[in-house]
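Reviewing the structure listed below.
All figures in this text were calculated on a predicted structure; none of them were measured in a lab. Letters A, B, ... mirror the listed sequences (proteins, then strands); counts begin at 1.
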Amino acid sequence: MEYANVIVDISHEKLDRVFQYRIPEHLKEHLKTGMQVQFPFGNGNRPMKGYVVGFTDTPDYPPEKIKELDRIMEGGVRAESQLIAMAAWMKERYGSTMNQALKTVLPVKQEIAEKKEVRLRLIVSKEQGEALLKDALHKNFRAKARLLAALLDHGGVLDKKEAADRYKVTAPVIRKFEEDGILVQESRIQYRNPFEGHFEQKERTVLLTEEQQAAVDGIFSEYEKGIRKTYLLQGVTGSGKTEVYMELIARITEEGKQAIVLIPEIALTFQTVRRFYERFGDRVSVMHSRLSDGERYDQFVRAREGSIDVMIGPRSALFTPFSQIGLIIIDEEHEGAYKSETVPRYDAREAAVYRASLCGASVILGSATPSVETAFHARNGQYGWYRLDRRIGRAVLPEVSVVDLREELKAGNRSIFSRRLYSAMDDRMKKGQQMMLFLNRRGLSGFVSCRSCGKAIRCPHCDVTLSLHGDGSLKCHYCGYQIRMPKACPTCGSPYISGFRAGTQQIEREVKKYFPKARVLRMDYDTTRTRESYEKILSAFGKGEADVLVGTQMIVKGHDFPNVTLVGVLAADISLYASDYRAAERTFQLLTQAAGRAGRGEQAGEAVIQTYMPEHYSIQAAVKQDYEAFYRQEIAYRNLMGYPPVETMMGIYLSAGDQELLEEKTKALGIFIREMQQQEVLMIGPADAALTRLNDRYRKVIYLKSRQEEKLLLIKNKTEHYLEMDAGWEKIRVQFDMNPFQAY
DNA sequence: AGCACGCCGACT
DNA sequence: GTCGGCGTGCTC
């Protein structure tokens with residue numbers, strides 16, 4: 001490779017792109033992506049630092065104008081260059097522009113550019129300032145006079161941005177004043193600890209169980225021998241995975257290394273963080289969506305400076321600028337939250353393994369119900385594998401039973417509660433114990449359909465079914481479109497239209513109907529618009545202020561409620577109807593998690609699963625709490641159908657406002673890919689996306705499958721090139737998705 | 001961000 | 001004419 005693609009280490013939009021430099025012969029061997037380099041820049045060829053983000057033989061800048069790199073900066077691979085290397089890797093693997101990838105790994109990059117408040121302060125007396133102003137006016141130095149007048153007007157202090165925008169003062173003027181000792185520039189940055197005063201560090205001795213100790217010893221002894229790899233820690237809910245994480249973190253931080261702990265955003269609560277804080281004190285920091293840009297930036301600086309060594313946060317915390325990472329932990333690794341839904345659509349588990357390889361760290365993936373991918377790798381020996389099969393203390397696994405709703409209907413029970421669930425609820429009410437009712441859906445009654453023509457009422461923009469809400473309105477869950485419930489079917493005019501199946505609001509109402517004394521809390525997307533309301537509901541329930549908690553997925557994740565002894569799953573098969581290959585996996589995980597909520601304290605727990613498909617293997621396996629049985633069936637299905645992890649699958653998503661153009665271009669792209677004639681690559685489609693329209697944009701998909709991942713990446717690269725070369729693609733958005741989690 | 005170039009008013 | 005401030009454009 002003759003040329004290096006380099007980004008300049010200056011935060012300025014005009015420089016936020018790739019520059020190309022010739023690689024001197026003696027550097028060709030050593031130069032790698034992510035390295036920091038020095039090179040001549042600009043008219044004066046002043047020495048500039050930057051990072052290598054890639055290589056090319058065909059520069060898109062006149063070769064005779066390309067300058068040569070000076071040298072590679074020494075000092076190993078620094079944290080930032082690790083992140084640059086991550087960006088380059090993500091661009092390559094997941095398909096995005098370098099800019100999109102950089103913004104993902106360096107969110108600070110724009111944030112400081114926007115946020116950094118620089119103020120100008122006059123450091124001469126008022127009299128001297130006035131004298132200078134007079135002098136400037138006299139000499140007709142208009143820019144200097146404007147700045148001085150503004151400064152004097154504002155008591156000697158002025159925001160730099162205001163100086164530029166309002167008083168049209170340019171950088172050279174400010175620099176000159178600074179050199180002459182007339183003013184100083186001050187940037188006000190305070191690094192705050194988001195926990196200051198919240199918690200205390202506690203000395204405490206934890207006795208690990210045999211299983212926990214075996215996992216810690218096994219992983220740490222390999223670590224000490226210099227072995228770095230990825231481990232699956234498969235532990236049932238309540239088996240104490242967190243203690244294993246903390247013990248390992250304690251050991252590696254003693255050696256001067258740092259650790260990153262990823263948690264799904266929804267499980268990232270004060271309780272979780274408190275446990276880490278109590279153990280590691282203010283060496284721990286946290287990232288979450290409620291932090292302001294400024295606070296988030298502070299955490300990055302604190303990490304870079306080395307004043308913390310454990311970072312807890314959602315998937316973006318993976319990009320914490322630590323330089324000596326020893327361990328990356330991903331808790332609840334099966335969660336969909338680890339797959340990004342925006343370009344680059346990266347998978348945090350894969351990205352963690354890549355980052356670990358850059359800095360010599362090990363990775364631990366923890367879950368009670370591992371993703372099929374992770375379980376697959378643990379079984380073929382690629383990952384280490386430890387299990388925690390027993391719950392801590394006296395808690396035992398709950399008793400799970402299944403109810404066939406078809407039988408209930410035959411027996412004349414048309415209520416949403418089966419006889420079995422009803423009597424269990426009645427029993428708990430009498431005993432004063434708590435229960436949770438779980439439904440994988442929100443809104444009053446799901447979709448509304450016509451009994452004459454069978455059509456469901458859909459959103460005109462997004463093509464998803466509208467949901468009926470308690471106030472009689474129909475809402476779109478994607479774009480928020482809302483109409484009144486019509487009196488007749490919009491398609492055929494029949495008056496026989498009605499809601500179908502229960503939503504959380506209706507369940508709440510039914511509970512109150514059958515148990516008038518019950519205190520009910522409801523938790524779904526509608527009642528938890530803000531994070532405060534989410535925590536408020538959970539803590540109220542935890543304090544025993546309600547008997548019944550009704551909710552969607554979010555009630556079954558994290559959170560221990562010792563007094564909950566009954567969990568009811570109202571319609572277990574709803575999540576099986578999702579139109580993607582992960583539906584069975586997701587259903588099994590949800591049901592297992594839901595059942596695991598029961599009996600976390602002294603009393604034994606019970607779970608009742610209602611379903612129309614009791615014979616389905618993911619429901620059967622969940623009832624028996626048998627991961628192995630589920631995995632055997634599921635991997636057979638993936639193998640038969642050629643789905644991940646057996647084969648790699650790549651989605652190409654196209655969207656445009658113009659339906660005809662999209663149709664024509666998608667067809668052309670399909671032909672282009674087919675003509676590449678790649679052996680052992682299967683193309684599915686082109687087809688309409690699961691959502692044929694979203695926010696007034698039409699959507700199409702092409703899926704490709706292959707046992708050889710490299711072939712798909714080759715097709716991706718060729719396609720990217722084709723999109724740049726072929727005319728008419730400007731109005732069409734194209735995205736790639738490796739091993740998609742959800743239907744597009 | 002920071003350097004050079006070219007414009008424009010003031011002074012020799 | 002020439003000196004120096006000031007705005008603008010560009011950086012592989």
Side-chain angles (χ1 to χ4, degrees), chain A residues 1-25 27-28 31 33 35-73 80 84 88 97-99 102 106 108-120 132-151 158-187 189:
Chain A
M1 289 292 178
E2 286 291 309
Y3 304 93
N5 290 329
V6 167
I7 60 153
V8 177
D9 195 10
I10 294 174
S11 288
H12 199 270
E13 329 154 33
K14 295 213 163 171
L15 299 174
D16 192 22
R17 60 194 169 89
V18 177
F19 292 87
Q20 288 163 333
Y21 280 85
R22 201 182 313 281
I23 306 168
E25 207 54 45
L27 290 183
K28 274 187 182 160
L31 200 61
T33 302
M35 279 182 164
Q36 195 182 22
V37 286
Q38 194 183 64
F39 43 85
F41 190 71
N43 251 324
N45 281 335
R46 69 208 155 91
M48 179 61 63
K49 283 180 209 162
Y51 298 96
V52 177
V53 298
F55 300 95
T56 181
D57 272 327
T58 51
D60 33 35
Y61 195 69
E64 65 278 6
K65 292 173 84 174
I66 294 184
K67 298 174 190 174
E68 199 165 69
L69 289 176
D70 283 334
R71 63 194 180 100
I72 297 173
M73 303 297 281
E80 275 89 343
I84 306 290
T97 65
M98 193 61 206
N99 213 28
L102 282 171
L106 303 174
V108 231
K109 204 178 162 179
Q110 324 106 313
E111 278 166 22
I112 38 168
E114 290 160 16
K115 282 296 287 184
K116 198 167 74 179
E117 315 172 1
V118 180
R119 293 190 305 182
L120 307 176
L132 282 163
L133 173 58
K134 226 174 174 179
D135 190 48
L137 282 169
H138 183 65
K139 287 183 179 156
N140 207 2
F141 295 171
R142 286 160 318 195
K144 282 184 177 176
R146 282 198 304 276
L147 177 56
L148 278 167
L151 275 166
L158 186 67
D159 189 75
K160 190 179 183 181
K161 211 171 165 56
E162 199 182 343
D165 296 347
R166 194 163 144 208
Y167 299 103
K168 307 288 173 212
V169 178
T170 55
V173 182
I174 294 167
R175 206 184 318 125
K176 191 76 172 59
F177 270 7
E178 204 176 6
E179 280 166 20
D180 295 347
I182 294 167
L183 60 75
V184 286
Q185 299 198 43
E186 35 188 54
S187 47
I189 304 173

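When distances run from any side-chain atom of A/Val173 to the nucleotides C/dC12, C/dC6, C/dG5, the shortest one goes to C/dC6. Checking C/dT11, B/dG2, C/dC6 against every side-chain atom of A/Lys144, the shortest atom distance belongs to C/dC6.
In this structure, A/Tyr21 reaches the sugar-phosphate backbone alone: every heavy-atom distance under 4.0 Å involves primed, P, OP1 or OP2 atoms, never a base. Within 4.0 Å of A/Phe141, counting heavy atoms only, lie sugar-phosphate atoms of the nucleic acid but no base atom. A/Arg22 comes within contact range of no nucleotide atom at all, as no heavy-atom separation falls under 4.0 Å.
Atom CD of A/Glu68 and atom CD of A/Glu25 lie 9.5 Å apart (nearest 0.5 Å). The distance from atom CG of A/Leu132 to atom CG of A/Leu183, rounded to the nearest 0.5 Å, is 10.5 Å.
The nearest whole Å value for the distance from the CZ atom in A/Phe41 to the P atom in B/dG2 is 12 Å. Atom CD in A/Gln38 sits roughly 16 Å away from atom C1' in C/dC12 (whole-Å rounding). Atom-to-atom, CD of A/Gln20 to P of C/dT11 comes out at 13 Å; the value is rounded to the nearest Å. Between A/Lys176 atom NZ and C/dC6 atom C1' there is a gap of 13 Å when expressed in whole angstrom units. Following rounding to the nearest Å, A/Met48 (CE) and C/dC10 (P) show an atom-to-atom distance of 18 Å.
The aromatic rings of A/Phe19 and A/Phe41 lie perpendicular to each other, with more than 60° between the two planes, well past the 30° mark.
Close to C/dG7, at under 4.0 Å from its OP1 or OP2, lies a side-chain N or O of A/Arg146. An OP1 or OP2 oxygen of C/dG7 is reached within less than 4.0 angstrom by a side-chain nitrogen or oxygen of A/Thr170.
The residue among A/Asn43 and A/Glu68 whose nearest nucleotide of DNA chain C is located toward the 5' end is A/Asn43.
Under the stacking definition used here (centres under 5.5 Å, planes under 30°), the residue A/Phe19 fails to qualify as stacked on the base of C/dC12.
Counting only heavy atoms from C-beta outward, the side chains of A/Leu158 and A/Leu147 approach each other to under 4.5 Å.
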